[in-house]
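One structure is given below, encoded as structure tokens.
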Amino acid sequence: MNSEKPLLQAADEAEPTAGTAATPVFLFVLLLLLTYWGMYYLDQHSGGFQALAYEPYSGLDELRALEPKPTSGFDPRYGKAVYERTCGVCHQPTGLGAAGQFPPLASSEWVNEPDPARLIRIALDGAQGPITVNGQEWNLIMSVNGKQLGLSDQDLAAVLSYVRQAWGNKAPPVTAEQVKAIRPQTEGRSVQWTATELLAVPVKK
């Protein structure tokens, strides 16, 4: 009898251990489910984590699409959107560029020429080599251009119009017709423009 008592006591003491071990597992699973639900809820109701967009909008693109459009002329919001996804990474949202890498667009003589013929060519094919911008020498390598990105005449007109009227620039907007007229003249070109080539392009004063 005495030999059985310790065994019974050991069994009684061992039973609560199994229940105790199961509790943390349940809490861990519950925590995972709550975390998943929280992330899902935020994803569905946060407007893409953009401060200007909130439920029921999924992001800024959807919100901007619902904004009233100008009744005439170019839409600067559309031009800005194209700029942000194509040019802004290098030339910066401020248009000031990056020292030693990308020249500024703000106050640039290339941007502010009354005739956008040269600027359209840069946007279509890119530019390379030595170039002077705002009195400073740059060794430019613009490897990404409108043709590579598949930008339409309307896209290029919008982004160039935005650039020509942002950050204090005062040049006239660019039309899709102007881009369309120049695009065939650059057809088949596979290299970027140099400053010498661009300066040889006749422009209206």
Side-chain angles (χ1 to χ4, degrees), residues 52 60-61 64 69-70 72-205:
L52 297 179
L60 285 179
D61 290 341
R64 285 169 176 160
K69 302 295 187 294
S72 61
F74 81 100
D75 185 349
R77 295 164 300 183
Y78 175 49
K80 181 180 181 181
V82 177
Y83 176 83
E84 288 175 345
R85 72 172 188 263
T86 59
C87 314
V89 174
C90 296
H91 294 286
Q92 304 300 306
T94 59
L96 297 178
Q101 294 180 295
F102 309 108
L105 301 177
S107 303
S108 166
E109 60 268 40
W110 297 91
V111 170
N112 285 284
E113 279 189 314
D115 185 345
R118 292 167 178 160
L119 187 62
I120 292 173
R121 284 171 169 80
I122 294 174
L124 282 168
D125 297 296
Q128 64 176 338
I131 190 171
T132 302
V133 181
N134 293 352
Q136 182 179 349
E137 292 293 327
W138 299 78
N139 189 20
L140 189 61
I141 302 177
M142 181 180 165
S143 57
V144 179
N145 56 60
K147 287 181 181 176
Q148 292 174 341
L149 295 173
L151 297 182
S152 66
D153 295 341
Q154 186 64 42
D155 290 336
L156 286 169
V159 69
L160 293 179
S161 295
Y162 170 74
V163 166
R164 283 162 66 84
Q165 298 196 352
W167 317 301
N169 294 333
K170 302 294 184 182
V174 178
T175 66
E177 288 72 22
Q178 288 175 307
V179 178
K180 185 177 180 179
I182 290 176
R183 191 186 287 270
Q185 301 175 30
T186 68
E187 189 174 356
R189 187 179 183 91
S190 59
V191 296
Q192 300 99 327
W193 295 87
T194 65
T196 301
E197 290 175 317
L198 289 168
L199 291 173
V201 173
V203 294
K204 299 175 182 177
K205 299 298 184 181

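Note that these values count all heavy atoms, side chains included, but never hydrogens, waters or copies made by symmetry.
- Nearest heavy atoms, A176 versus A157: N-CB, 3.5 Å.
- Side-chain contact check for C87 versus V159: some heavy-atom pair is nearer than 4.5 Å.
- Between the E109 side chain and the N134 main chain, a donor and an acceptor come within less than 3.5 Å of each other.
- The OG1 atom of T175 sits 11.5 Å away from atom CG of L156, with the distance rounded to the nearest 0.5 Å.
- The two atoms that bring W138 and A98 nearest to each other are CZ3-O, 3.6 Å, heavy atoms only.
- When atom types are taken as modelled, the side chain of Q192 and the backbone of Q128 share no donor-acceptor pair closer than 3.5 angstrom.
- Few gaps surround CG on L199; more than 12 heavy atoms of other groups in view lie less than 6.0 Å from it.
- Using bins of under 30°, 30° to 60° and over 60° for the plane-to-plane angle, the ring pair W167/Y162 lands in the perpendicular bin.
- We find the CD-OG1 distance between Q148 and T86 to be 12.5 Å, quoted to the nearest 0.5 Å.
- The side chain to side chain donor-acceptor pair (under 3.5 Å) test applied to T194 returns E197, not counting sequence neighbours.
- In terms of heavy-atom proximity, S161 sits nearest to V174 at OG-N, 2.7 Å.
- Counting all heavy atoms, side chain and backbone alike, A181 lies closest to P184 at O-CD, 3.6 Å.
- In terms of heavy-atom proximity, Q92 sits nearest to G97 at CG-O, 3.3 Å.
- The shortest distance between side-chain heavy atoms of Y83 and H91 falls below 4.5 Å.
- Here the CD1-CD distance, from I182 to E177, works out to 12.5 Å after rounding to the nearest 0.5 Å.
- Using a 4.5 Å cut-off on side-chain heavy atoms (C-beta onward), T186 and W193 make contact.
- Taken to the nearest 0.5 Å, the CD1 atom of I131 stands 12.0 Å off from the CD atom of Q136.
- Looking only at side-chain heavy atoms (C-beta outward), V203 and R118 come within less than 4.5 Å of each other.
- The nearest pair of heavy atoms linking L96 to P104 is O-CB, 3.5 Å.
- For the atom pair CD of Q165 and NZ of K170, the computed distance is 8.5 Å after rounding to the nearest 0.5 Å.
- Within the model, atoms CG of L151 and CZ of R85 stand 7.0 Å from one another, a figure rounded to the nearest 0.5 Å.
- No donor-acceptor pair under 3.5 Å is formed between the side chain of R164 and the backbone N or O of A171.
- Looking only at distances, a side-chain donor or acceptor of N169 sits under 3.5 Å from a matching main-chain atom of S107.
- Not a single donor-acceptor pair under 3.5 Å links the side chain of W110 to the backbone N or O of L105.
- Listed by first then second residue, pairs satisfying salt bridge (charged side-chain N to carboxylate O under 4.0 Å, His left out) with a partner in residues 120-149 read D125-K147, not counting sequence neighbours.
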